[in-house]
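Single-structure report; data block below.
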Amino acid sequence: MPELPEVETIVRELRPHLTGQTLSHPRLYHTDVLRRVSRERLLRTLRNNRIADVSRRAKHIVIELGTSERLVIQPRMTGSLVVYERRLSADERRYAVLQVRLGTGTQLVFRDVRRLGTIWLLSPSAWERYTRRIGPEPLAAGFSAARFAAQLRPSRQAIKKVLMDQQRLAGVGNIYANEALFRARIDPSRPADRLSDAEYRRLFRTVRAVLREAIAADGTTVRDYRTGTGKTGSYQFVLRVYGREGQPCTRCRTALLTTHSIDGRATTFCWRCQGKDA
DNA sequence: ACGAGGTCCTGCGAGC
DNA sequence: TGCTCGCAGGACCTCG
């Protein structure tokens, strides 16, 4: 799914298209994506409402409405939110979950092949509770290596799993966890409470570098991800470990390995560069 | 509290 | 060719 860089790209592209627009003709094609909101209330709230702002929190797209409620979309694995300034093709209409007209032939469409994505409609107080449960933003101006370490270190779980724990740190998923750990030369299976201060400083730097570089490249398109205007990202061409099992390590040329032993997710790494106490 | 594993979905590629 | 199986950018839940 879209991780932080993909959602940031979507939001940056959509903001100028959406801000100030009035919504009409909302259509919901599947109700199983709704969380704590009925189809009726969602459609009623969207109809003739105005978009006040579009932003990102962790991996979630936040559309603030003129009535100060927030439409929050979690794309999860295969969701994408795209503005079309023309009619949709049959293929684009396929897998549409939510569609809203923005005016003169322009449509905002949330589509999601696997439909693991979710849609929330939150009051200001519900939003406050929602965002409070998510960890700090890794790219926030005041975020520091010390704060980063303080968030992750209390856990004895594998550092890779902890890095992806949204309650400890916002926005890092499987692709960027793999990339950041490789670049910091840290074994993904190491317990988080056993990393040194120096290792946390390294990991802090590589997490932020990888996320920033991925945003600059408009994100990583493995299969389904598209930017807010329907384009693919380009960071997939820059990945050093994710999806490169068996290929040579960019640093030492040793063949990269993949394990599923950490949280059941694919972890690709260089056993030589990311060895036990490398 | 922790880890393991299932669940929600559909599509795709590998292997037989 | 046509099947079954496992796996896929995530997060939430239950069980032991």
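Note on naming: letters A, B, ... go to the chains in the order of the sequence lines (proteins, then strands), and numbering restarts at 1 for each one.
In this structure, Arg56(A) contributes its side chain and Ala58(A) its backbone to a donor-acceptor pair below 3.5 Å. Without hydrogens or angle criteria, Arg244(A) side chain to Pro248(A) main chain gives a donor-acceptor distance under 3.5 Å.
Tested against Glu92(A) for a side-chain hydrogen bond (donor to acceptor under 3.5 Å, both in side chains), the candidates Gln107(A), Arg87(A), Arg111(A), Arg86(A) yield a single pass: Arg86(A). Under the side-chain contact (heavy atoms from CB on, under 4.5 Å) rule, His25(A) has a single partner from Gln99(A), Arg101(A), Arg47(A), which is Arg101(A).
The gap from the C1' atom of dG5(B) to that of dG6(C) amounts to 16 Å, rounded to the nearest Å. The gap from the P atom of dG6(B) to that of dC5(C) amounts to 15 Å, rounded to the nearest Å. For the P atoms, the distance from dG11(B) to dA11(C) is 22 Å, rounded to whole Å.
For His60(A), the side-chain atoms get nearest to dA11(C) when compared with the rest of dC2(B), dA8(C), dA11(C). With dG11(B), dC8(B), dA8(C) as the candidates, the nucleotide lying closest to the side chain of Val113(A) is dG11(B). Among dA11(C), dG11(B), dT10(B), the nucleotide with an atom closest to any side-chain atom of Arg114(A) is dT10(B). When distances are taken from the side chain of Arg133(A) to each of dA8(C), dC12(C), dA11(C), the shortest belongs to dC12(C). Across dA8(C), dC8(B), dA11(C), the shortest atom-to-atom separation from the side chain of Gln166(A) is found for dA11(C). The side chain of Arg115(A) has dC9(B) as its nearest neighbour among dA8(C), dC9(B), dA11(C). Comparing dC2(B), dT10(B), dA8(C) by their nearest atom to the side chain of Ala266(A) picks out dA8(C).
Atom CZ in Arg35(A) sits roughly 8 Å away from atom C1' in dC8(B) (whole-Å rounding). In this structure, the CD1 atom of Ile175(A) is 10 Å from the C1' atom of dA8(C), given to the nearest Å. Leu163(A) has its CG atom 16 Å from the C1' atom of dA11(C), to the nearest Å. Per the geometry, CD1 belonging to Ile134(A) stands 14 Å off C1' belonging to dC12(C), to the nearest Å. Look at CG on Asp112(A): it is 10 Å from C1' on dT10(B), rounded to the nearest Å. Rounding to whole angstrom units, CG of residue Leu169(A) and P of dA11(C) are separated by 12 Å. Taking atom OH on Tyr95(A) and atom P on dA8(C), their separation rounds to 20 Å, with Å as the unit. Between Gln167(A) atom CD and dA11(C) atom P the separation is 11 Å, expressed in whole Å.
Comparing Arg94(A) and Leu116(A) along DNA chain B, the residue whose closest nucleotide (by nearest heavy atom) sits nearer the 5' end is Leu116(A). Mapped onto DNA chain C by nearest heavy atom, Trp120(A) and Tyr225(A) fall at different nucleotides, with Tyr225(A) at the one closer to the 5' end. Comparing Lys161(A) and Arg223(A) by the nucleotide of DNA chain B whose heavy atom lies nearest to each, the residue mapping closer to the 5' end is Lys161(A). With DNA chain C read from its 5' end, the first of the two nearest nucleotides for Pro2(A) and Arg36(A) is the one closest to Pro2(A).
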Go through it in stages, so that I can follow the logic: the residues are Tyr235(A) and Val210(A), the test is side chain to side chain contact (heavy atoms under 4.5 Å, CB included), and I'd like the CA-CA distance, side-chain angles, deciding distance and then a yes or no.
CA-CA 10 Å; Tyr235(A) 199 70; Val210(A) 163; 4.2 Å; yes

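In this structure, dC9(B) forms no base pair with any nucleotide, since neither Watson-Crick nor G-U wobble geometry is met with both distances under 3.5 Å.
Ring geometry for Phe143(A) against Phe204(A) counts as tilted: the plane angle lies between 30° and 60°, on a 0 to 90° scale.
Residue contacts for Asp32(A): at a heavy-atom cut-off of 4.0 Å it reaches the sugar-phosphate backbone alone, with no base atom in range. Contacts of Tyr242(A) with the nucleic acid, taken as non-hydrogen atoms under 4.0 Å apart, involve only primed sugar atoms and P, OP1 or OP2.
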